[in-house]
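The structure under discussion appears below in the form of structure tokens.
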Amino acid sequence: MSAMSAVSPRRYWLMKSEPGDYSIADLARDGSDLWTGVRNFQARNFLREARPGDGVLFYHSSCAAPGVYGVAEVCEEASPDPTQFARGKYRDPRATKEKPLWFCPRVRFVRELRTPWLLARIRREPALAGMTLLRRGNRLSVMPATLAEWRILSAEPPPSADAGAE
DNA sequence: GCCAACGTTGGC
DNA sequence: GCCAACGTTGGC
């Protein structure tokens, strides 16, 4: 290997899933899975940038207590999302095998947080005030996270006086 | 290219 | 269920 093929630095992502569809517990059970079903071009472009080894913050959305519930890792770069060709709600008639529209990396389970970083708590953490997640109107289901955000959210939240009052 | 209508996301 | 915000679609 030469310096020309230097490995790109590890990146970090926040990926949302509705726990009713697929939760961190499901990923723990499966070990790894394809991150299928993303149908937004900006999110798709992020998925195509994901590389094996990248860190993933697993976020539960559209549920009673949204937040980061665990950690995963990209283990295979994105390939054509099979659900765009299959019958069902993720089918996209514009896509062909020759020209797929949607792509999905494979993600493997790393760990579940004993205490999730609930959205309400994320909002109260000054070091996370700049997160894309918190930007008004942001609805991306896949977004980059910074190393600083990763360091905070991939670890257990510290105990706080009002923990449990959320 | 503009923009209104519509659909989706996702917190609350 | 409500609603804000944004993306997509399609007429022009």
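Chain naming here is simple, since letters A, B, ... match the order of the sequence lines and numbering starts at 1 in each.
In summary, A:Asp54 and A:Arg51 do not engage in a salt bridge, as defined by a charged side-chain N under 4.0 Å from a carboxylate O. Salt-bridge check for A:Glu73 with A:Arg10: passed, with a basic side-chain N closer than 4.0 Å to an acidic carboxylate O.
No path of Ile, Leu, Val, Met, Phe, Trp and Tyr side chains, each step under 4.5 Å between heavy atoms, connects A:Met143 with A:Phe103, placing them in separate hydrophobic clusters.
More than 12 heavy atoms of other residues, nucleotides or ligands sit less than 6.0 Å from atom CZ of A:Arg29. Crowding of A:Arg91 atom CZ: a count of heavy atoms from other residues, nucleotides or ligands under 6.0 Å exceeding 12.
Along DNA chain C, read 5' to 3', the first and last nucleotides having any atom under 4.0 Å from a heavy atom of chain A are C:dA5 to C:dT9.
Side chain to side chain, A:Thr83 and A:Arg39 meet the donor-acceptor criterion of an N or O pair below 3.5 Å.
A:Arg44 comes within contact range of no nucleotide atom at all, as no heavy-atom separation falls under 4.0 Å. Looking at heavy-atom distances under 4.0 Å, A:Arg123 makes contact with sugar-phosphate atoms alone, never a base. Within the 4.0 angstrom heavy-atom criterion, no nucleotide atom of any strand lies near A:Arg39.
Partner of A:Phe58 under the ring-ring contact (aromatic ring centres under 6.0 Å, His included) criterion, chosen from A:Trp117, A:Trp35, A:Tyr69: A:Trp35.
Less than 4.0 Å separates DNA chain B from at least one heavy atom of each of the following residues of residues 63-70 of chain A: A:Pro66.
For A:Phe41, the ring pair (Phe, Tyr, Trp, His ring centres under 6.0 Å) test picks out A:Trp102, with sequence neighbours left out.
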